[in-house]
Amino acid sequence: MKIGQDILNYESELGEEFAEIGSALSKLFAKALPKAEGKVWHGHPVWFLDGNPVVGYSLKKSGIEVLFWSGQSFKLAGLTPLGKFKAAKLEVPTVKGLDKKQLTEWLAEAIKIQWDYANLPKKRALVKLTKF
């Protein structure tokens with residue numbers, strides 16, 4: 001999957017240290033999610049499978065935060081629950097703190113384990129999109 005210009009523009013505005021992390025994440029997401037569409041959504045890079053958001057990242061005070069929309073349902077431990085739905089996060093303060101092997105495993109789970117976020121506003125509830 002080619003990384004879109006909107007994501008490259010986002011990365012270029014992060015500053016050198018965080019742009020390096022963002023670039024590494026974008027490449028990893030593109031490789032692990034070849035059928036995903038990556039775009040800047042609500043101001044941050046997000047990757048979608050069939051219109052459903054699965055993973056993205058943004059700059060926070062503590063550094064780069066990776067968000068897995070269905071992460072609370074993943075079997076592999078290590079993510080921090082976030083919000084009242086099924087999302088979970090991972091903080092990546094430095095490029096050296098980026099565990100590509102573990103991230104690749106979570107990305108594999110993101111393909112298999114999806115809650116239907118695309119229809120959340122319409123249904124007013126999360127339903128399973130995939131069987132898990």
Q5/N9 under side chain to side chain donor-acceptor pair (under 3.5 Å): CA gap, chis, key distance, verdict: CA-CA 6 Å; Q5 189 60 47; N9 292 344; 2.8 Å; yes
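- For the atom pair L120 CG and L126 CG, the distance stands at 5.0 Å (nearest 0.5 Å).
- T130 has its side chain out of reach of K112: every pair of non-hydrogen atoms, C-beta onward, lies at least 4.5 Å apart.
- To the nearest 0.5 Å, the span separating CG on L28 from CG on L33 amounts to 8.5 Å.
- In this structure, L103 and L25 have side chains that are in contact, with non-hydrogen atoms separated by less than 4.5 Å.
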For residues 82-93, which side-chain donor-acceptor pairs fall under 3.5 Å, sequence neighbours excluded?
{"residue": "K89", "atom": "NZ", "partner": "E91", "partner atom": "OE2", "Å": "3.4"}
{"residue": "E91", "atom": "OE1", "partner": "S62", "partner atom": "OG", "Å": "3.3"}

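- Side-chain contact check for K39 versus E37: some heavy-atom pair is nearer than 4.5 Å.
- Geometric assessment of K31 against the ring of F29 yields a negative cation-pi assignment under the 6.0 Å and 45° thresholds.
- Linking ILVMFWY residues whenever their side-chain heavy atoms come closer than 4.5 Å, directly or via other members, places F68 and L59 in the same cluster.
- Counting heavy atoms of neighbouring residues, nucleotides and ligands inside a 6.0 Å radius, atom CG of N119 exceeds 12 of them.
- Looking at E109 and L76, their side chains come closer than 4.5 Å, going by heavy atoms from C-beta outward.
- Ion pairing between D116 and K128 fails under the 4.0 Å rule for side-chain N and carboxylate O.
- Shown here for L98 and A24, the closest heavy-atom pair between the two residues is CD2-CB, 3.6 Å.
- Qualifying side-chain contact (heavy atoms from CB on, under 4.5 Å) partners for S12, counting only residues two or more places apart in sequence or in other chains: none.
- With contacts defined as side-chain heavy-atom distances shorter than 4.5 Å, the pair W47/P53 does not qualify.
- Closest approach of A32 and I111 over heavy atoms only: O-CD1, 3.7 Å.
- For an aromatic pair to be called close, the ring centres must be under 6.0 Å apart, and F48 with W69 fails this.
- In this structure, Q102 and T104 have side chains that are not in contact, with every pair of non-hydrogen atoms separated by 4.5 Å or more.
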Determine whether V55 and V46 satisfy the following criterion, side-chain contact (heavy atoms from CB on, under 4.5 Å), listing intermediate values before the conclusion. CA-CA 6 Å; V55 68; V46 176; over 6 Å; no
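- Using a 4.5 Å cut-off on side-chain heavy atoms (C-beta onward), L14 and I64 make contact.
- I7 has its side chain within reach of V40: a pair of non-hydrogen atoms, C-beta onward, lies under 4.5 Å apart.
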I'd like to know whether F18 forms a side-chain contact (heavy atoms from CB on, under 4.5 Å) with V95, so could you lay out the CA-CA distance, the side-chain angles of the two residues, the decisive distance to 0.1 Å, and finally the verdict. CA-CA 8 Å; F18 297 119; V95 76; over 6 Å; no
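- Put simply, NZ on K131 and CD1 on I113 are 15.0 Å apart, with the number rounded to the nearest 0.5 Å.
- For the atom pair S73 OG and W115 CH2, the distance stands at 5.5 Å (nearest 0.5 Å).
- Defined by atom type and a distance below 3.5 Å, a donor-acceptor pair is present between the side-chain atoms of Y57 and E11.
- Put simply, CH2 on W106 and CG on L79 are 4.5 Å apart, with the number rounded to the nearest 0.5 Å.
- Atom OH of Y10 sits about 5.5 Å away from atom OG of S58, to the nearest 0.5 Å.
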